[in-house]
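To start, the structure under review is shown below, and the notes come after it.
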Amino acid sequence: MTDVVGTRAELAAARAALPGTVAVVMTMGALHEGHAMLLREARKSADHLLATVFVNPLQFGPNEDFTRYPRTFEADLAVCEREGVDVLFAPTPEVMYPHGDSEVTVHPGPLGEVLEGAVRPGHFAGVLTVVCKLLRLTGADLAFFGEKDYQQLTLIRAMVRDLELDVEIVGVPTVRELDGLALSSRNRYLDDAQRETALALSRALRAGAAQRGAAAVLAAARAELAGLEVDYLALRGADLSEDPGAGPARLLVAARVGTTRLIDNIPVHLDAPHPRES
Ligand code: PAF
């Protein structure tokens, strides 16, 4: 039975009643199989499982989908019950931001200004601020985030490292439909034709990952994206450093299909250049 709490006092009391280690999965609701996978992984790693559902206004820009973002609380609760969530914290904006808009936010640094950050100014400050607050409020020992939002995951790891927060961050691989589409709460905005078009993103990533040199990876991916409104296609280091170098790297893409913005990424491996080629 999942205990649903909405206030800070209720959360504190519910948290105090959980002995041993606690893992948290933070979400904005509209839970799908990707979230269920996060909950399952988290459940295996700790004595107790806490989840949060909060559509965080601070991470949405003025022209983004905050008001139309899907809110499906009853279905989310059913997923939490099924996956063995002990406590579900579902606060209102007034509970999360009792003093109104945050005057102090977590600055994401230079990585917050590129890729998603370049298209969505202020987004990562909003994400890091709410994640930091939820880590404090839940007192979790471990926190699980999907690799689908790879830049978010990388920035959360950097925040935890640089601000010396006492929590272990665990990344969980992206869950995909059989045809490759990465699961996302925003997929429900797509009609059938748009969903078909959206498959180009995962196709591009797979085509890129099948190549070896950086130029070949990018060229193969770009070829699959022809005709799409692409915000970026980028090859970066596994830590999102600008120079992917050799070895493990990450290929990332963002594109618009109709009015829906989709992102995806994949690990790639870049061979070291042959000594005579460098
Ligand atoms: O990935 C998300 O759903 C959100 O960015 C998060 C981490 C729950 C913060 O609002």
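In each ligand, atom 1 is the first atom listed, and ligand 1 is the first ligand listed.
The part of Thr27 lying near ligand 1 is the backbone, judged by heavy-atom distances below 4.0 Å.
At distances below 3.5 Å, not a single donor-acceptor pair connects side-chain atoms of His107 with backbone N or O atoms of Ala125. Remark: the backbone N or O of Val79 is not paired with any side-chain donor or acceptor of Glu83 at under 3.5 angstrom.
Ring pair Tyr97/Phe54 is tilted by interplanar angle, where 30° to 60° counts as tilted.
Among Arg261, Arg186, Arg188, the one residue that satisfies the salt bridge (Lys or Arg N to Asp or Glu O under 4.0 Å) test with Asp65 is Arg186.
Of all atoms in ligand 1, numbered sequentially from 1 with element shown, those under 4.0 Å from a heavy atom of Val130 are 9 (C), 10 (O).
Taking only non-hydrogen atoms, the option from Lys148, Met26, Gln59, Met28 nearest to atom 9 (C) of ligand 1 is Gln59.
Remark: minimum distance from atom 5 (O) of ligand 1 to any protein heavy atom is reached at Gln152 OE1, 2.7 Å.
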